[in-house]
Amino acid sequence: MGQAKARGTQAERMVQAQARIAATRPDKLVCNGCGGDVTDIHPVSTRGLQGIEAIWVGQCACGQTTFAASGEPKAVDAFFFALSENSELTLGSQSKDGQTHVKADSE
Ligand SMILES: [Zn+2]
């Protein structure tokens, strides 16, 4: 009983959430690599990221991936810090040729 109603409510909430996220969509991002305009922008799931409202990833023609995030400033800072720590994620698009650049701190 009431299952259809609950489903409708959830769908409504999803639509509202998507509309809220869509409202934060930037018209364009500035590429981290070449400084060009990136208009190929896609939303990324923010599940599990507290304080983050939306994350956008832009794929530049030069191959560089640029991220944009909105939400609480602290959470956004933490997100970009995590990105900088995770070089595999930020530089993933640059290792298409199979070359592996390992940043080793140990001698
Ligand atoms: Zn670029």
Side-chain angles (χ1 to χ4, degrees):
M1 300 294 161
Q3 230 177 15
K5 200 174 187 180
R7 209 178 279 169
T9 305
Q10 197 183 20
E12 271 175 28
R13 278 176 55 187
M14 267 179 66
V15 168
Q16 279 173 4
Q18 281 173 355
R20 243 179 60 206
I21 290 169
T24 72
R25 187 189 198 278
D27 288 336
K28 64 185 179 188
L29 299 175
V30 178
C31 176
N32 286 330
C34 69
D37 290 349
V38 182
T39 52
D40 187 12
I41 305 168
H42 304 279
V44 178
S45 171
T46 57
R47 190 178 289 232
L49 296 171
Q50 278 193 4
I52 301 279
E53 199 163 51
I55 297 172
W56 300 94
V57 59
Q59 187 69 53
C60 183
C62 77
Q64 179 71 253
T65 305
T66 300
F67 288 89
S70 69
E72 292 172 22
K74 260 190 187 175
V76 172
D77 277 356
F79 168 71
F80 280 108
F81 179 73
L83 268 189
S84 69
E85 292 281 284
N86 189 347
S87 57
E88 220 174 87
L89 182 61
T90 49
L91 303 178
S93 60
Q94 294 183 335
S95 51
K96 271 180 199 161
D97 56 3
Q99 275 192 327
T100 312
H101 300 280
V102 181
K103 226 190 202 176
D105 290 329
S106 56
E107 288 188 13

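Indexing begins at 1, ligand by ligand and atom by atom, following the structure's order. The structure displayed is predicted, hence computed values, not measured ones. Positions are given from 1, in the same order as the sequence printed here.
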Audit row: Trp56, Thr24, side chain to side chain contact (heavy atoms under 4.5 Å, CB included) steps and yes/no | CA-CA 9 Å; Trp56 300 94; Thr24 72; 3.2 Å; yes
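- Cys60 pairs with exactly one of Val30, Val38, Thr66, Leu29 by the side-chain contact (heavy atoms from CB on, under 4.5 Å) rule, that one being Val38.
- Looking at Ile52 and Val76, their side chains come closer than 4.5 Å, going by heavy atoms from C-beta outward.
- With waters neither drawn nor counted, the protein N/O/S atoms under 2.8 Å from the Zn ion (ligand 1) amount to 4.
- By the rule that hydrophobic residues join a cluster once side-chain heavy atoms approach within less than 4.5 Å of another member, Ile21 and Val44 end up as members of separate clusters.
- Within a 6.0 Å radius of CZ in Arg20, no more than 12 heavy atoms belonging to other residues, nucleotides or ligands are found.
- Residue Ile41 is not grouped with residue Phe67 when hydrophobic side chains (ILVMFWY) are merged at heavy-atom distances under 4.5 angstrom, including chains of intermediate members.
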